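Below is one structure; the comments refer to it alone.
Worth saying up front: this structure is predicted, and the values here are computed from it rather than measured. Note that the numbering runs from 1 along the sequence shown for the chain.
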Amino acid sequence: MTLPRFGLGTFRLQGQTVIDSVTNALDLGYRAIDTAQIYGNEADIGAAIKNSGIATDSIYLTTKIWVDNLSRQALIPSLEQSLDKLGVNSVDLTLIHWPAPSNPVPLEVYMSALAEAKSLGLTKKIGVSNFNIELLKQAIDVVGAENIETNQIELSPYLQNRKLVNFMQQQGIKVTSYMTLAYGKALKDAVIQRIAEQNQQTPAQVILAWALAKGYAVIPSSTKRENLASNLQAQHITLSDEQMAQIDQLEANSREVNPEGLAPIWD
């Protein structure tokens, strides 16, 4: 399966909240779910999938290796634990969650271990998250650009990451946008709201349609069934060139996520 353009994000959702979100999403037609070891919700997601009755091989599952598990000794066992929690024999995509420059494990070691996990059949594809251009170049040297499915990055109308996106597109590495709504801040933007009114759409639909039109994969989350359904319709929305340009002009290099010790020096 190729990387789906639209999936369900599960960051900060745990327990019954994530079970309900995944259950509703699958019922509405979502077939891609994004999680991570550090989210602490893989087992709940696995339970929701099992209870849905939908075959696991028709659901695209992504998880991410946490920084504590980057060593050669820890990475593969930690992924096996993730698979056990999710109730599957393999996931579709496994990412390095953060490059963590303060971590003593060299990039070459954890990228090689991730490639080994793929060769063992624990994951069908591999990739990275929160990598800058320099780190992507290093990862490419280890595993090859053709083996890096995506770089999952914070990307919104307020943080468009154009230099990084251009490099990724040149290398054939897909862009996955997280925090696409800028923690909800972009929903209140006057430009976004005006376009939404013009089109009789929600602000979230406008932003997601903008990102999809750029060729990015998106993974918005929601705990409300009506929002999950509404967001999904963004796949069928086409913004005008003028509306796309208006959103492009909102670039402000405004970053929501920048954890010390985990984040690289951004491009």
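Between Lys64 and Asp34 there is a salt bridge, since a side-chain N of the basic residue sits under 4.0 Å from a carboxylate O of the acidic one. Under 4.0 Å is where a charged nitrogen must lie from a carboxylate oxygen, and between Lys185 and Glu256 at least one such pair does.
At least one donor-acceptor pair under 3.5 Å links the side chain of Gln205 to the backbone N or O of Thr202. Between the side chain of Thr176 and the backbone N or O of Asn151 there is no donor-acceptor pair closer than 3.5 Å. Of the possible polar contacts, none joining the Thr123 side chain to the Ile126 backbone as a donor-acceptor pair under 3.5 Å is found. Side chain of Glu154 to main chain of Arg255: no donor-acceptor pair is present (N/O by atom type, distance under 3.5 Å, no hydrogens or angles). Checked by atom type and distance alone, the side chain of Ser102 pairs as donor or acceptor with a backbone atom of Gly261 at under 3.5 Å. In this structure a side-chain-to-backbone donor-acceptor pair under 3.5 Å is missing from Arg5 to Tyr216. Between the side chain of Ser240 and the backbone N or O of Gln243, at least one donor-acceptor pair lies under 3.5 Å. Checking side-chain atoms of Ser21 against main-chain N and O of Val18 turns up no donor-acceptor pair under 3.5 Å.
Counting heavy-atom neighbours within 6.0 Å of Gln200 CD, excluding the residue itself, gives a total of 12 or less. By the 6.0 Å contact criterion, CD on Glu146 is enclosed, its count of non-hydrogen atoms from other residues, nucleotides or ligands being greater than 12.
Here the straight-line distance linking atom CG of Leu114 with atom NZ of Lys125 works out to 13.0 Å at 0.5 Å rounding. Taking CD of Gln170 as the start and CD1 of Ile133 as the end, the distance is 8.5 Å to the nearest 0.5 Å. Interatomic distance, OG1 of Thr10 versus CD1 of Ile219, reported as 8.5 Å (0.5 Å rounding). Taken to the nearest 0.5 Å, the OG1 atom of Thr2 stands 10.0 Å off from the CG atom of Asp92. The CG atom of Asn258 sits 9.5 Å away from the CG atom of Asn130 when rounded to the nearest 0.5 Å. Distance check, rounded to the nearest 0.5 Å: CE of Met168 to NZ of Lys163 gives 15.0 Å.
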For side chain to side chain contact (heavy atoms under 4.5 Å, CB included), just list the numbers for Thr94 and Leu122, CA-CA rounded to whole Å, side-chain angles, deciding distance to a tenth of an Å, and then say yes or no. CA-CA 9 Å; Thr94 303; Leu122 302 177; over 6 Å; no
Set out, in order, the CA-CA distance, both residues' side-chain angles and the distance that settles side chain to side chain contact (heavy atoms under 4.5 Å, CB included) for Ile59 and Leu26, then state yes or no. CA-CA 9 Å; Ile59 301 171; Leu26 291 174; 3.9 Å; yes
Take Ile237 and Leu212 through the test side chain to side chain contact (heavy atoms under 4.5 Å, CB included) and record every step on the way to the result. CA-CA 9 Å; Ile237 292 172; Leu212 290 167; over 6 Å; no
Show the numbers, then the answer: is there a salt bridge (Lys or Arg N to Asp or Glu O under 4.0 Å) between Asp267 and Arg162? CA-CA 9 Å; Asp267 297 299; Arg162 291 168 183 163; over 6 Å; no
Pair Gln233, Gln201 - check side chain to side chain donor-acceptor pair (under 3.5 Å), show working. CA-CA 10 Å; Gln233 294 308 306; Gln201 296 156 357; over 6 Å; no
Determine whether Trp266 and Asn253 satisfy the following criterion, side chain to side chain donor-acceptor pair (under 3.5 Å), listing intermediate values before the conclusion. CA-CA 11 Å; Trp266 302 110; Asn253 196 34; over 6 Å; no
Would you sort out whether Thr35 and Glu42 count as a side chain to side chain donor-acceptor pair (under 3.5 Å), showing the intermediate values? CA-CA 7 Å; Thr35 184; Glu42 290 172 317; 5.1 Å; no
Take Thr223 and Leu13 through the test side chain to side chain contact (heavy atoms under 4.5 Å, CB included) and record every step on the way to the result. CA-CA 8 Å; Thr223 58; Leu13 305 183; 3.6 Å; yes
Using the rule given for salt bridge (Lys or Arg N to Asp or Glu O under 4.0 Å), can you reason through Glu116 versus Arg72, listing the C-alpha separation, both sets of side-chain angles and the distance that settles it, and then say yes or no? CA-CA 10 Å; Glu116 183 180 352; Arg72 182 170 295 281; 3.2 Å; yes
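Of all the heavy atoms in Asn132 and Leu164, the pair that sits closest is C-CD1, 4.0 Å. The shortest heavy-atom contact between Ile173 and Ala145 is CG1-O, 4.1 Å. Between Ser78 and Ile65 the shortest heavy-atom distance is OG-CD1, 3.9 Å. In this structure, Leu75 and Leu70 approach most closely via the heavy-atom pair CD1-O, 4.3 Å. Taking all atoms of both residues into account, the shortest heavy-atom contact from Leu28 to Leu232 is O-CD2, 3.6 Å. Shortest non-hydrogen contact noted between Pro99 and Pro264 is CG-CD, 3.8 Å.
Considering only heavy atoms from C-beta on, Leu95 comes within 4.5 Å of Thr150 through its side chain. Under the 4.5 Å side-chain criterion, counting only non-hydrogen atoms from C-beta, Lys124 is not in contact with Leu93. No side-chain heavy atom of Ser254 sits under 4.5 Å from any side-chain heavy atom of Leu159. At least one side-chain heavy atom of Asp248 sits less than 4.5 Å from a side-chain heavy atom of Trp210. Contact annotation: the side chain of Ser156 never approaches that of Ile207 to less than 4.5 Å [non-hydrogen atoms, C-beta and beyond]. Looking at heavy atoms from C-beta onward, Ile148 lies out of side-chain contact with Phe131 at the 4.5 angstrom threshold. Side-chain contact between Ser222 and Leu228: present, with at least one pair of heavy atoms (C-beta onward) separated by less than 4.5 Å. The closest side-chain heavy-atom distance from Gln193 to Val206 is not below 4.5 Å.
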Let me check something: any side-chain donor-acceptor pairs from residues 106-113 under 3.5 Å, sequence neighbours excluded? List them with distances.
from: Ser112; atom 1: OG; to: Glu108; atom 2: O; distance (Å): 2.7

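Legend: residues meeting ring pair (Phe, Tyr, Trp, His ring centres under 6.0 Å) with Phe6, ordered by chain and number and at least two apart, are Tyr30. Residues satisfying the salt bridge (charged side-chain N to carboxylate O under 4.0 Å, His left out) criterion with Asp27, sequence neighbours excluded, are Arg225.
Tracing side-chain contacts under 4.5 Å through hydrophobic residues (I, L, V, M, F, W, Y), one never reaches Leu3 starting from Leu208; they form parts of separate clusters. Hydrophobic clustering, with ILVMFWY side chains joined whenever heavy atoms are under 4.5 angstrom apart, keeps Leu8 apart from Tyr60. Both Leu155 and Met179 are assigned to one and the same hydrophobic cluster, defined by single-linkage of ILVMFWY side chains at heavy-atom distances under 4.5 Å.
Of the residues listed (Asn69, Thr63, Asp68), the one engaging Gln37 in a side chain to side chain donor-acceptor pair (under 3.5 Å) is Asn69, and it is the only one.
For the residue pair Tyr39/Asp44, the side-chain donor-acceptor check at 3.5 Å is not satisfied.
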